[in-house]
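I have placed the structure first, in the form of structure tokens, so that the comments after it can refer back to it.
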Amino acid sequence: MASFNVYVVFGVLTIMASGAVMAYEVDPVKANNCETKMTLHCVTEVFASIFKTGIVTDNCCIELIGLGQFCHDALIKKTLQNPLFRNNDTSVILSRGAQVWNKCTLVNKDVSPSPSAY
């Protein structure tokens, strides 16, 4: 009977441990190498245009589009989780982030070579 109790305890611990592992959330920013895909200059420019006031130059727009919308959105959400930025109005920040993204997609279309240029 004692060995049965040991197996029951072991089983419960195994289930609890697997649940803890499943509950571990993978950081999408790190998983997609989002922090390494733009120059520091452009990161600062994009950040300032979303969280403060500023504009994003065409060169930094091209870098932002190269980063990808998933990383762009993930970085904004991660920044909003930082205690220094929790007091920001989330809806305003997300709206500014979308505006920057949309502006940069237009810039990227203007800068991209047309298929007839080949």
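Pairs engaging residues 76-110 under the disulfide (SG to SG under 2.5 Å) rule: C61-C104 [sequence neighbours left out].
Between the CG atom in L64 and the OG1 atom in T105 there is a gap of 9.5 Å [rounded to 0.5 Å]. Between the CG atom of L40 and the CZ atom of F47 there is a distance of 12.0 Å, given to the nearest 0.5 Å. Between atom CD1 of residue I65 and atom CD1 of residue I62 there is a gap of 9.5 Å, rounded to the nearest 0.5 Å. Interatomic distance, SG of C60 versus CE of M38, reported as 6.0 Å (0.5 Å rounding).
Of all heavy-atom pairs between K103 and D58, the closest is NZ-OD1, 4.2 Å. For the residue pair F85 and L80, the shortest heavy atom distance occurs at O-CD2, 4.0 Å. Across C34 and P28, no two heavy atoms sit closer than the pair SG-O, 4.1 Å. Nearest approach of F70 to N32, heavy atoms of both residues: CE2-ND2, 3.0 Å. Shortest non-hydrogen contact noted between E35 and L75 is CG-CD2, 4.2 Å. Scanning all heavy atoms of the two residues, the minimum distance from H72 to G97 falls at NE2-O, 3.0 Å.
Using a 4.5 Å cut-off between side-chain heavy atoms of Ile, Leu, Val, Met, Phe, Trp and Tyr, with links allowed through other members, L67 and V107 fall into different hydrophobic clusters. Hydrophobic clustering (side-chain heavy atoms under 4.5 Å, transitive across Ile, Leu, Val, Met, Phe, Trp, Tyr) groups L84 together with I76.
Donor-acceptor pairing under 3.5 Å is lacking for the side chains of T57 and N59.
Side-chain atoms of K78 do not come within 3.5 Å of backbone N or O of D27 as any donor-acceptor pair.
Under the rule for a salt bridge (charged side-chain N to carboxylate O under 4.0 Å, His left out), K30 has no partner lying at least two apart in sequence or in another chain.
Considering only heavy atoms from C-beta on, F51 stays 4.5 Å or farther from R96 through its side chain. Between S91 and L94 the shortest side-chain heavy-atom distance does not fall below 4.5 Å.
Heavy atoms of other residues, nucleotides or ligands lying less than 6.0 angstrom from NZ of K77 number 12 at most.
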